[in-house]
Amino acid sequence: MERRSFITKAAVGAAAGVVAAPALAQSQPTINWRLASSFPKSLDTIFGAADILTKRVSELTGGKFNIRSFAAGEIVPGLQVLDAVQAGTVEIGHSASYYYFGKDATFAFDCAVPFGLTSRQHTAWYQEGGGRELTRNFFKGYGIVNFLGGNSGTQMGGWFRKEIKSVADLKGTKMRVGGFAGKVLERLGLVPQQLAGGDIYPALEKGTIDAAEWVGPYDDEKLGFYKVAPYYYAPGWWEAGASFSFYVGIKEWEKLPKEYQAALECATYEAHIGMQAEYDAKNPAALARLMKNGVKLRTFSKDIMDGCYKAAQDVMNEEAAKNAKFKTIYEPWKRFRQDQNMWASVSEAAMLDYMIKAGRK
């Protein structure tokens with residue numbers, strides 16, 4: 001009898017729970033937002049992070065909080081996403097913060113700086129190393145709250161029409177590369193060029209530029225660079241772990257019910273992890289296909305890496321000396337990077353070094 005009574009009560013409780021969730025959703029307002037992305041839909045890994053976000057936010061709020069995502073150019077050009085959020089043209093954006101390097105070099109810390117943090121290290125810095133507090137304080141000046149929005153992992157060093165073996169070979173090379181990397185490489189005689197993704201292939205084909213960097217095997221294969229620039233270099237030292245971000249206007253963020261804020265923040269983490277996982281899963285097969293198509297895989301020589309590293313430190317120290325906002329983040333960030341690299345040298349890096357060598361036997 002007692003057992004039957006318990007089962008009856010449990011069933012009633014379960015039914016109440018089923019009713020409670022929709023009832024809770026019904027008590028909340030219906031909110032519709034627009035998301036402007038810096039990326040085309042063809043780059044399904046990067047643009048896909050916005051799709052993950054919008055889907056999860058809707059699910060977590062019982063369909064009451066809906067975000068519609070728009071690709072680059074559908075509302076604003078890809079490089080104007082931050083401005084669109086700041087101006088209130090859209091409520092949320094998805095972009096790479098180093099695109100706004102020209103406004104202030106400090107933006108780059110939210111994405112990637114030369115010889116910076118790997119994907120895992122950047123996530124650790126943002127979540128546990130003070131990065132969220134530091135970057136949000138900076139973005140506050142632009143009326144924006146920033147969230148993690150994906151990571152490409154360590155990118156490739158780009159496609160070259162001819163082989164380069166030394167710093168001397170960089171001189172006069174016209175390369176599609178921007179932001180911090182362009183500023184660093186310019187010190188070594190390279191001529192940086194700013195080009196939109198769709199303009200890179202024809203520029204390489206015509207010889208208007210000699211080299212170009214984009215992301216990595218999976219995305220680069222789609223753009224067909226290997227057909228006109230056979231030398232594929234690694235690593236992309238300027239993007240050891242390029243992190244993308246979601247931008248939300250502070251005023252719009254503060255209007256949201258607390259439950260919607262929680263749902264949105266949870267969804268940003270899912271989108272962030274999803275992109276990292278997708279790139280890690282898809283890049284190996286894409287690289288194998290590229291190699292079958294005759295791509296000549298190369299690594300930058302020690303001479304080039306050493307030259308770039310020194311130039312990068314010079315550029316960053318000079319920026320810190322004249323830009324107080326940059327210095328505020330740079331100093332603690334640099335200490336975090338040092339600690340992370342020390343730990344990695346005796347943990348993951350040591351393990352990977354052995355496993356890679358063992359796999360070649």
Side-chain angles (χ1 to χ4, degrees), residues 37-48 71-74 76-81 94-102 108 111-112 114 150 152-164 169-186 188-240 242 244 275 279 282-283 286-287 289-291 293-298 300 304 308:
S37 173
S38 285
F39 314 104
K41 292 180 181 178
S42 59
L43 293 179
D44 56 321
T45 43
I46 302 180
F47 186 84
E74 291 184 339
V76 293
L79 300 184
Q80 293 180 20
V81 167
H94 187 225
S95 191
S97 294
Y98 63 8
Y99 286 166
Y100 312 102
F101 178 87
C111 183
S152 67
T154 301
Q155 296 191 8
M156 292 293 286
W159 300 87
F160 290 75
R161 290 164 59 88
K162 64 179 182 179
E163 197 167 8
I164 57 167
D169 293 332
L170 294 174
K171 293 180 180 177
T173 298
K174 291 175 289 185
M175 182 177 182
R176 185 273 179 192
V177 62
F180 245 137
K183 200 168 184 179
V184 170
L185 286 164
E186 198 169 23
L188 303 177
L190 182 138
V191 183
Q193 305 285 310
Q194 290 277 16
L195 291 174
D199 298 328
I200 300 173
Y201 183 90
L204 273 174
E205 186 178 34
K206 294 174 184 177
T208 307
I209 58 174
D210 308 303
E213 63 83 30
W214 187 241
V215 179
Y218 182 69
D219 286 343
D220 291 3
E221 180 187 28
K222 290 184 175 183
L223 297 178
F225 300 143
Y226 64 94
K227 298 174 184 177
V228 289
Y231 293 98
Y232 198 23
Y233 275 85
W237 47 263
W238 48 88
E239 291 168 308
F244 302 90
M275 186 194 294
Y279 269 121
K282 292 181 175 179
N283 275 329
L287 181 59
R289 290 192 298 268
L290 287 169
M291 298 295 286
N293 279 315
V295 167
K296 299 172 183 178
L297 187 62
R298 299 287 188 272
F300 288 126
I304 290 175
C308 291

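Positions are given from 1, in the same order as the sequence printed here.
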Distance check, rounded to the nearest 0.5 Å: [X] atom [atom1] versus [Y] atom [atom2]?
| X | Y | atom1 | atom2 | value |
| --- | --- | --- | --- | --- |
| Asp210 | Thr173 | CG | OG1 | 5.5 Å |
| Leu170 | Ile304 | CG | CD1 | 5.0 Å |
| Leu195 | Met175 | CG | CE | 11.5 Å |
| Met156 | Asn283 | CE | CG | 9.0 Å |
| Leu297 | Leu290 | CG | CG | 9.5 Å |

Can you name the residues that form a side chain to side chain donor-acceptor pair (under 3.5 Å) with [X], not counting sequence neighbours?
| X | result |
| --- | --- |
| Glu163 | Arg298 |
| Tyr232 | Asp220 |
| Glu221 | Arg289 |
| Ser37 | none |

With the side chain counted from C-beta on, respond yes when [X] and [Y] share a heavy-atom pair under 4.5 Å apart, and no when they do not.
| X | Y | result |
| --- | --- | --- |
| Asp44 | Lys282 | yes |
| Leu79 | Gln194 | no |
| Ile209 | Trp159 | no |
| Tyr100 | Ser95 | yes |
| Val215 | Tyr279 | yes |
| Leu188 | Cys308 | yes |
| Val177 | Leu190 | yes |

Heavy-atom closest pair, residues [X] and [Y]:
| X | Y | result |
| --- | --- | --- |
| Ser97 | Cys111 | N-CB, 3.9 Å |
| Leu287 | Pro217 | N-CB, 3.6 Å |
| Met291 | Val295 | SD-O, 3.8 Å |
| Ala212 | Leu204 | CB-CD1, 4.1 Å |
| Phe160 | Ala211 | CD2-CB, 3.4 Å |
| Ala181 | Pro114 | N-CG, 4.4 Å |

Sequence neighbours excluded, which residues qualify as side-chain contact (heavy atoms from CB on, under 4.5 Å) partners of [X]?
| X | answer |
| --- | --- |
| Ser42 | Pro40 |
| Leu223 | Trp214, Phe225 |
| Lys41 | Phe47, Ala71, Glu74 |

Using salt bridge (charged side-chain N to carboxylate O under 4.0 Å, His left out) as the criterion, list what pairs up with Asp199, not counting sequence neighbours.
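Not a single residue meets the salt bridge (charged side-chain N to carboxylate O under 4.0 Å, His left out) criterion with Asp199.
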
List for me each residue that meets salt bridge (charged side-chain N to carboxylate O under 4.0 Å, His left out) alongside Lys227, sequence neighbours excluded, and say none if there are none.
none

Run Tyr233 and Ile164 through side-chain contact (heavy atoms from CB on, under 4.5 Å) and show every step you take.
CA-CA 9 Å; Tyr233 275 85; Ile164 57 167; 3.7 Å; yes

Test ring-ring contact (aromatic ring centres under 6.0 Å, His included) applied to Phe180 and Phe101, step by step
CA-CA 7 Å; Phe180 245 137; Phe101 178 87; 4.8 Å; yes

Of all residues at least two apart in sequence or in a different chain, which pass the ring pair (Phe, Tyr, Trp, His ring centres under 6.0 Å) check with Tyr218?
none

Of all residues at least two apart in sequence or in a different chain, which pass the ring pair (Phe, Tyr, Trp, His ring centres under 6.0 Å) check with Phe39?
His94, Phe244

Could you name each residue pair satisfying salt bridge (charged side-chain N to carboxylate O under 4.0 Å, His left out) that touches residues 171-186, not counting sequence neighbours?
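Qualifying pairs, neighbours excluded: Arg176-Glu213, Lys183-Glu319.
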
